[in-house]
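In what follows, a single structure is set out as structure tokens and then discussed.
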Amino acid sequence: MQLVLERCTIRPWRLDDAESLAKHANNRKVWLALRDLFPHPYAIQDAHQFLQRATTEQQVTNFCIEVDGAAAGGIGIRLGQDVHRHTAEFGYWLAEKFWRRGIMSEAVAAFTDFCFGHFPLRRIYAEPFANNPASARVLEKAGFVFEGCLKNNVIKDGELLDSLLYARTK
Ligand SMILES: CC(C)(COP(=O)(O)OP(=O)(O)OC[C@H]1O[C@@H](n2cnc3c(N)ncnc32)[C@H](O)[C@@H]1OP(=O)(O)O)[C@@H](O)C(=O)NCCC(=O)NCCS
């Protein structure tokens, strides 16, 4: 799979992405918007571990966002199970130096279309924290619909936060 877009390319992760991945992922501003599962600080060993998993997934669901020829972020889905097997949760991040260039707006829209075409999904959703208007905006631009505010849904960095539920359905 390779989605060659105007501002970036979405492609499978490679083991040699480790250095660039660790450099860009080691950013508190990125970490603040993601689950605690995403390490911080983000060391080169974290990158190696992640890439080992991402390159051996039975069903590839995590992809690299490449900008200017190097790994600059990640985009992926977590497939639902059981009665939620037709749904997936969406996650993504981009290196801070590339923010506000329209990269993620382009990537999220194209990747959502790819996922609906490639997996038997009827619903893709995301839950940006309520203090992340940029992510909410990216989702809105990609056709995701705001379904509600999940009060006190998250504790991040010691702070109790609401999250915003956005979904696209097919
Ligand atoms: C959120 C994130 C993915 C946005 O990526 P990006 O490539 O900078 O986004 P884009 O440039 O495509 O678009 C951002 C949109 O949000 C808007 N925006 C950016 N910062 C904003 C802010 N603080 N408040 C309101 N809107 C904001 C931009 O104006 C733009 O909208 P527009 O095209 O209507 O002007 C990126 O900042 C990031 O990786 N953050 C850390 C990780 C993260 O938040 N992941 C998502 C978890 S749900």
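From a predicted model like this one, the values you see are computed outputs, not experimental measurements. Counting starts at 1 for both ligands and their atoms, following the listed order.
- Geometrically, ligand 1 and Leu34 share no nitrogen or oxygen pair separated by less than 3.5 Å.
- Across all their heavy atoms, Lys29 and Asn27 have their closest contact at N-OD1, 2.7 Å.
- Lys170 places a side-chain N or O within donor-acceptor distance of the main-chain N or O of Phe116, the cut-off being under 3.5 Å.
- Between the choices Glu89, Arg35, Lys29, Arg100, the shortest heavy-atom distance to atom 27 (C) of ligand 1 belongs to Arg100.
- Pairs of residues two or more places apart, or lying in two chains, that qualify as ring pair (Phe, Tyr, Trp, His ring centres under 6.0 Å) and include a residue from residues 145-170 are Phe146-Tyr166.
- Atom numbering of ligand 1 starts at 1 in the shown order; those under 4.0 Å from a heavy atom of Ser105 are 10 (P), 12 (O), 13 (O).
- With a 4.0 Å heavy-atom cut-off, ligand 1 is reached by the backbone of Tyr92 and by its side chain too.
- A distance-only check finds a donor-acceptor pair linking the side chain of Arg168 to the backbone of Ala142 [under 3.5 Å].
- For the pair Lys156 and Trp31, the cation sits on the ring face: its NZ or CZ lies under 6.0 Å from the ring centre, inside 45° of the axis.
- In this structure, Glu66 contributes its side chain and Ala72 its backbone to no donor-acceptor pair below 3.5 Å.
- The distance from ligand 1 to the heavy atoms of Pro128 drops below 4.0 Å at these ligand atoms: 48 (S).
- Considering each of Trp99, Trp31, Phe90, the one bringing a non-hydrogen atom nearest atom 38 (C) of ligand 1 is Trp99.
- Using modelled atom types, one side-chain atom of Glu57 and one backbone atom of Thr61 make a donor-acceptor pair closer than 3.5 Å.
- Residues Phe111 and Ile77 form a side-chain contact, since some pair of their non-hydrogen atoms from C-beta on lies under 4.5 Å apart.
- Heavy-atom proximity to atom 47 (C) of ligand 1, evaluated over Ala33, Ala95, Ala109, Ala107, is greatest for Ala33.
- Remark: atom 35 (O) of ligand 1 lies closer than 4.0 Å to no protein heavy atom.
- In this comparison of Arg101, Met104, Glu96, Arg137, the heavy atom closest to atom 16 (O) of ligand 1 sits on Arg137.
- When all heavy atoms of Ser105 and Val138 are compared, the closest pair comes out as OG-CG2, 4.0 Å.
- Atom 14 (C) of ligand 1 has its closest protein heavy atom at Val138 CG2, 3.9 Å.
- At a 3.5 angstrom cut-off on N or O pairs, Glu106 does not count as close to ligand 1.
- Per-residue contacts place Trp93 under 4.0 angstrom from the following atoms of ligand 1 (heavy atoms of the residue considered): 39 (O), 42 (C).
- Note on ligand 1: Gly102 sits in its first shell, one or more heavy atoms being nearer than 4.0 Å.
- Each of the following atoms of ligand 1 lies closer than 4.0 Å to a heavy atom of Pro133: 22 (C), 23 (N), 24 (N), 25 (C).
- The nearest protein heavy atom to atom 2 (C) of ligand 1 is not closer than 4.0 Å.
- Distances shorter than 4.0 angstrom occur between a heavy atom of Lys141 and an atom of ligand 1.
- Formation of a donor-acceptor pair under 3.5 Å by the Arg53 side chain with backbone atoms of Phe50 is not found in this model.
- On a distance-only criterion, Ser135 and ligand 1 share no N/O pair closer than 3.5 Å.
- One N or O on the side chain of Asp17 and one on the backbone of Arg14 form a donor-acceptor pair closer than 3.5 Å.
- Regarding atom 44 (O) of ligand 1, its nearest protein heavy-atom neighbour is Asn132 ND2, 2.7 Å.
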